[in-house]
Amino acid sequence: MLLGGTTEASQLARALAEAEVDAVFSYAGRTAAPVAQPLPTRVGGFGGVAGLRDWLQVQRITQVVDATHPFAAQMSSNAVHACAAAGVPLLAFERPAWQPQAGDRWQCVADIDGAVAALAPTPARVFLAIGRQNLLSFAPSAQCASHHYLLRLVDAVADLPLPSAQVVIARGPFTVEGDRALLQQHGITHLVAKNAGGSGAAAKLEAARLLGLPVILIDRPAVPARRMAATVEQVMAWLGHHGGAAGNAERGV
Ligand SMILES: NC(=O)c1ccc[n+]([C@@H]2O[C@H](COP(=O)([O-])OP(=O)(O)OC[C@H]3O[C@@H](n4cnc5c(N)ncnc54)[C@H](OP(=O)(O)O)[C@@H]3O)[C@@H](O)[C@H]2O)c1
């Protein structure tokens, strides 16, 4: 069973389909039109650790690959505990965190509250590239200036908690040229982003570097220790090692 929701999960799904691995892809169901996958797909939560443990057993899952976003810490933590309870091997497929390069003006913060605190007290024009969760934390308060926000979201949001915000509906991967133009068109002075890693969302950081803009980068949340892979090839090798390749009678991933 492949826990998805990332570019890397989609890459892995293609490799699994090509290798004819008996696999099921799992989406949380956060977006209205998720990317179609070349694997049987299920959508929605499992009902916490116990729900996932039961689901793994009922579906006779023999291996789980967690390729969720590095900030999907609840799902990843649940996978660690449910796989342990069900006796199912788990591999996390996670891209490395982004590292600063010469010319970057990064301020790394521990969490969303740290990003709110790091924004200058004087009103700024902020590209708030954190998705739609946690937007409420950036609403103006007595202690905090009223910033103008640019949001880039996959789906439109009906009730934005931010009084001064503009929304661009778009789905990655994005280009440096496109993101540089976006930052310039909107007169952006600050970028706030999660340290997601990977290539699909990195363009905004390079664009900020080219424009000399400050970046407030949110560190990844903690997840219990688990076995890790960084490439599709490593995941496929692990599956082969555990006998999850084509022809296995049980459902592999
Ligand atoms: N967080 C981000 O910044 C971000 C960015 C891009 C994509 N995503 C993707 O969006 C999804 C949700 O992210 P999140 O931050 O809301 O996760 P989360 O807080 O870690 O998960 C909350 C709950 O959503 C359900 N869930 C999450 N991922 C699932 C999956 N792949 N299949 C089935 N159920 C799933 C689980 O519900 P139950 O407890 O009921 O099982 C989980 O406990 C993830 O799949 C992630 O890969 C997240």
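We count residues from 1, following the sequence as given. As the structure is a prediction and not an experimental result, all values here were calculated from the model. We count ligands from 1, going down the list as the structure has it; atoms in each ligand are counted the same way.
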Ligand 1 contacted by [X] (non-hydrogen, < 4.0 Å):
X      : value
Gly44  : yes
Gly48  : yes
Leu52  : no
Gly131 : no

Fill in: Candidate with minimal heavy-atom separation from atom 42 (C) of ligand 1, of Arg132, Met75, Glu8
Met75
Worksheet item: Between Ala72, Ala28, Gly4, which one has a non-hydrogen atom sitting closest to atom 45 (O) of ligand 1?
Response: Gly4
Worksheet item: Relative to ligand 1, is Ala73 under 4.0 angstrom through side chain, backbone, both or neither, heavy atoms considered?
Response: backbone
Worksheet item: Is ligand 1 under 4.0 Å from a heavy atom in the side chain of His69, in the backbone, in both, or in neither?
Response: both
Does an N or O from [X], backbone or side chain, lie closer than 3.5 Å to an N or O of ligand 1?
X      : answer
Ile130 : no
Gln74  : yes
Leu3   : no
Ser76  : no

Protein contact of [atom] - nearest heavy atom, named by residue and atom, plus distance:
atom                    : answer
atom 22 (C) of ligand 1 : Arg30 NH2, 3.4 Å
atom 41 (O) of ligand 1 : Phe46 N, 2.7 Å
atom 31 (N) of ligand 1 : Ser26 O, 3.1 Å
atom 7 (C) of ligand 1  : Gly5 O, 3.2 Å

